[in-house]
Protein chains: 2
Amino acid sequence: MNSATGRRAAPRTKRDGGAHALRPRLPTETRQRIIVAEAVRFFAEAGFEGQTRVLAKRLGITHSLLYRHFAGKDDLIERVYREVYLGRWRPEWERLLSDRSRPLEARLKSFYRAYTDAIFNLEWVRIFIFAGLKGVDINTRYLALIERHVLRPVCRELRVEAGLPDPDELPVAPEELELAWGLHGRIFSLAIRKWVYGVPMPRQFVATIDTSVHAFLHGAARSLASGAIAIGRR
Amino acid sequence: MNSATGRRAAPRTKRDGGAHALRPRLPTETRQRIIVAEAVRFFAEAGFEGQTRVLAKRLGITHSLLYRHFAGKDDLIERVYREVYLGRWRPEWERLLSDRSRPLEARLKSFYRAYTDAIFNLEWVRIFIFAGLKGVDINTRYLALIERHVLRPVCRELRVEAGLPDPDELPVAPEELELAWGLHGRIFSLAIRKWVYGVPMPRQFVATIDTSVHAFLHGAARSLASGAIAIGRR
DNA sequence: GTTCTTAATGACCAATTGGTCACATTGTGG
DNA sequence: CCACAATGTGACCAATTGGTCATTAAGAAC
């Protein structure tokens, strides 16, 4: 088993590697897709320290095949990031938020239902947290996207509701942004409870989202309109 | 360097290990305290896959000394858990929440200031998340404590405010508990943003807590009083 | 059928890494 | 000052683990 401890001067004659039984030979592209898909699940469960050999076993292939298709573990992980985070954002979400033909509360509820529908799953959530702990830049990049395409638009709509000047005229204050972070953080904490701590989600998940949005508008957002959070006095 | 690959039948004569220069000889208890303290910081940064040798280097000792003081890496990690989570809970916090001589809003603000003061730090937060991802039972145990000593008391006070029956008479509904989770999750999400994602906290941290509590009482909690969350109709 | 490209394999490599152990050293009590 | 218990060390061990490579064989092209 432990050949590494064996004698060094082994004759090193013919190695015999080579394909044996009936194993599927897949075109490169197909195989890579299969590998990345499984890698996403695997690293989401095991973390990035998960061994490539274990991943290979789950795929029913040898671990050396992984290295034929990917330059190294880091390369594979990079693909995993791309698979999970790229193109997962739907531009219509932002339009949903800004469609003033509907009440803001309805828009926010629709948005968070659609959003959680897309990212509330084991892979997305855990890989996001693993990446954060590891210090990969994915998180800050993603959070910047959220701020730009969700939180700031929300702040703008809040201004409209409160009859306050548009952010173009009067920049969004940190306190206002923090309000929007509050709703977002509250909702994402549901995912953390489930996929990090391992406790079940509330059974009435959608109702919980709706309640959170409602509470946000009648609590946090109201502070804006009432002047409890003073805008423009910065 | 790589002795493992060397010849197996090495004569294995005198080993020469042994203490050398002027190094401090500390009593067991002191040394263990020092090790655990550094291990907390180390594992909080590196995760539990951090190597014992690196920890030893940070301590200025050899890694074998770790194994004289602890049965193994797992034992050390167990001590780290105990160090971080045991006795960190202050019973007076719960009394703070239930002291009806003060307005609920003031009590909640005091509580969350004290609470975040105690656990909002790199070690507590990151080790908590690492443990969660790893599937250690620490999290569920701690969350049960939070539910029992924070969330349920909050629900009881909310009932009082709303003029509704005490939980002893009418059990707390999941929706009510979820309301309290909302505030807690929103506040803890501040810690996650900072120590998991690595983005700075709002500069006005205490003000953010206060705003969150205020919004909670005027948003979420109000749904209770207004009957938007129907109690007793379960 | 033969050729040739390339997917796939298993043996091997070498750095890591948790853990053990014989021996050296320190300082304290008699 | 000497014995001795206990602290601390460096060498070693063996399982892991990311990565390489010569060899094999599937199947498309001719």
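Throughout, a chain's letter reflects where its sequence line sits, starting with A, and its residues are numbered from 1.
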Visitor: Which listed nucleotide (C/dG18, D/dA26, D/dT9) is nearest to the side chain of B/Ile61?
Guide: D/dT9
Visitor: CZ of A/Arg25 versus C1' of D/dA26: gap in Å, rounded?
Guide: 4 Å
Visitor: Does B/Arg31 have a side-chain nitrogen or oxygen under 4.0 Å from the phosphate oxygens OP1 or OP2 of D/dG8?
Guide: yes
Visitor: How many whole angstroms separate atom NZ of A/Lys57 from atom C1' of D/dT16?
Guide: 13 Å
Visitor: Using the test salt bridge (charged side-chain N to carboxylate O under 4.0 Å, His left out), find all partners of B/Lys194 that sit at least two apart in sequence or belong to another chain.
Guide: none
Visitor: Which residues pass the salt bridge (charged side-chain N to carboxylate O under 4.0 Å, His left out) test with B/Arg152, sequence neighbours left out?
Guide: B/Glu147
Visitor: A/Arg53 side chain: which of D/dG18, D/dG8, C/dA7 is closest?
Guide: D/dG18
Visitor: Could you check how far CD1 of B/Ile35 sits from P of D/dT7, rounded to whole Å?
Guide: 11 Å
Visitor: Could you give all pairs that pass the side chain to side chain donor-acceptor pair (under 3.5 Å) test and reach residues 202-212 of chain A, with sequence neighbours left out?
Guide: A/Arg113-A/Asp210, A/Arg186-A/Ser212
Visitor: What are the residues of residues 62-78 of chain A, sorted by number, that bring a heavy atom to within less than 4.0 Å of DNA chain D?
Guide: A/His63, A/Ser64, A/Tyr67, A/Gly72, A/Lys73
Visitor: Can you list everything that forms a salt bridge (charged side-chain N to carboxylate O under 4.0 Å, His left out) with B/Glu92? Sequence neighbours excluded, please.
Guide: none
Visitor: Sequence neighbours left out, what passes salt bridge (charged side-chain N to carboxylate O under 4.0 Å, His left out) with B/Asp137? Give chain and number order.
Guide: B/Arg141
Visitor: Rounded to the Å, how far apart are B/Ile34 CD1 and D/dT7 P?
Guide: 13 Å
Visitor: Do B/Glu45 and B/Arg41 sit within salt-bridge range, that is, some charged N less than 4.0 Å from a carboxylate O?
Guide: no
